[in-house]
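Every heavy atom of this structure was used, including side-chain atoms; hydrogens, water molecules and symmetry mates were not.
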Amino acid sequence: LPVTLSCSTSNSNLQCSLSNTTVTPNASVTLTVTASSSIKPGTYSVTISGTSQNGATNSTTITVNVQQYLFSIQGPSSIDVYTNYNNSTTININQLNSGASLPISLSCSTNSSYLSCSLSSTQVTPNASVTLTISANSNIQPGTYSVTINGVASNGVTNSTTITVNVQQYLFSIQGPNSIYLYSSSSNSVTIYVNQLTGNTALPVTLSCSTSNSNLQCSLSNTTVTP
């Protein structure tokens with residue numbers, strides 16, 4: 001016989017719905033339970049009741065465990081960036097409690113207009129990671145700045161993390177002997193050293209040479225090197 005179904009919950013901040021309210025056994029329906037943002041974490045219940053066409057009734061009750069959705073946003077405590085250049089790091093987004101993962105919208109911001117940031121993806125589902133890229137404008141002063149990564153879950157829960165950005169000027173030296181001797185109509189060679197003076201990450205350096213006389217030419221064995 002056809003059975004009419006209904007559902008009810010033990011709290012007004014907990015709603016339920018059924019994909020179908022009239023079925024003929026043997027059948028199945030989908031129960032959806034929705035928790036309002038006002039509900040307190042805790043244990044509640046939802047009851048599904050059925051009444052057949054001849055008046056027979058039955059019901060079942062399901063325990064509903066409501067918990068706050070928790071996630072973390074983690075990255076390094078600091079990152080170094082050279083002026084007029086960029087650097088990247090990995091940001092990890094992890095779920096901290098059990099249950100289904102919710103989509104999280106990500107964004108980033110900095111505390112200087114001369115410092116920009118971008119994320120490889122702005123929509124993730126934990127557990128996941130994205131790449132954060134920070135770019136320092138040529139006009140920025142070397143110093144300590146910050147970038148903040150914000151996350152908002154689809155149910156409105158938020159979290160964020162802040163990373164210190166150390167902006168420094170890239171410095172390198174070019175060293176060779178004070179003088180070199182050569183005869184007319186001949187050539188001579190000497191070693192030139194290119195060394196990095198600041199930071200941990202070496203940047204490619206483009207080299208060129210010039211002389212003080214048009215009858216004197218110079219060349220380099222390599223015009224792009226990494227200190």
[X] side chain to [Y] main-chain N or O, any donor-acceptor pair under 3.5 Å?
{"X": "N188", "Y": "Y181", "answer": "yes"}
{"X": "S52", "Y": "A56", "answer": "yes"}
{"X": "T110", "Y": "L115", "answer": "yes"}
{"X": "N84", "Y": "N137", "answer": "no"}
{"X": "T43", "Y": "N65", "answer": "no"}
{"X": "S146", "Y": "N111", "answer": "no"}
{"X": "S59", "Y": "S49", "answer": "no"}
{"X": "N195", "Y": "F172", "answer": "no"}

Look at the side-chain heavy atoms of Ile, Leu, Val, Met, Phe, Trp and Tyr, link any pair under 4.5 Å apart, and say whether [X] and [Y] land in one connected group.
{"X": "I192", "Y": "L182", "result": "no"}
{"X": "V165", "Y": "L203", "result": "no"}
{"X": "Y114", "Y": "Y82", "result": "no"}
{"X": "I180", "Y": "L216", "result": "no"}
{"X": "V152", "Y": "V147", "result": "no"}

Quiz item: Taking atom CD of Q141 as the centre, does the number of heavy atoms from other residues, nucleotides or ligands within less than 6.0 Å exceed 12?
Solution: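 Counting other residues, nucleotides and ligands, CD of Q141 stays at 12 neighbours or fewer.
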Practice problem: Test side chain to side chain contact (heavy atoms under 4.5 Å, CB included) on N150 and T158 and set out the steps. | Solution: CA-CA 7 Å; N150 296 290; T158 63; over 6 Å; no
Quiz item: To the nearest 0.5 Å, what is the distance between CD1 (I149) and OG (S160)?
Solution: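 The CD1 atom of I149 sits 8.5 Å away from the OG atom of S160.
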Self-check item: Distance, nearest 0.5 Å, that separates CD of Q168 from CG of N200
Solution: 7.5 Å
Quiz item: With Y145, which of T164, I140, I163 fulfils side chain to side chain contact (heavy atoms under 4.5 Å, CB included)?
Solution: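 When T164, I140, I163 are each tested with Y145, the side chain to side chain contact (heavy atoms under 4.5 Å, CB included) holds only for I140.
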Just by distance, no angles: are the side chains of [X] and [Y] close enough, under 3.5 Å, to form a donor-acceptor pair?
{"X": "T162", "Y": "T148", "value": "yes"}
{"X": "N11", "Y": "T9", "value": "no"}
{"X": "Q196", "Y": "Y170", "value": "yes"}
{"X": "S88", "Y": "T133", "value": "yes"}
{"X": "S101", "Y": "Q95", "value": "yes"}
{"X": "Q15", "Y": "T34", "value": "no"}

Quiz prompt | Residues that T4 engages under side-chain hydrogen bond (donor to acceptor under 3.5 Å, both in side chains), provided they are two or more places apart | solution = none
Practice problem: For the residue pair T60 and I48, establish whether any side-chain heavy-atom pair is separated by less than 4.5 Å. | Solution: yes
Practice problem: Starting from the C-alpha separation in whole Å, work towards a yes-or-no answer on side chain to side chain donor-acceptor pair (under 3.5 Å) for S105 and Q123. | Solution: CA-CA 5 Å; S105 297; Q123 189 85 14; 3.0 Å; yes
Exercise. Mind running side chain to side chain contact (heavy atoms under 4.5 Å, CB included) on L5 and V29 for me, showing each step along the way?
Key: CA-CA 10 Å; L5 299 173; V29 297; 4.0 Å; yes
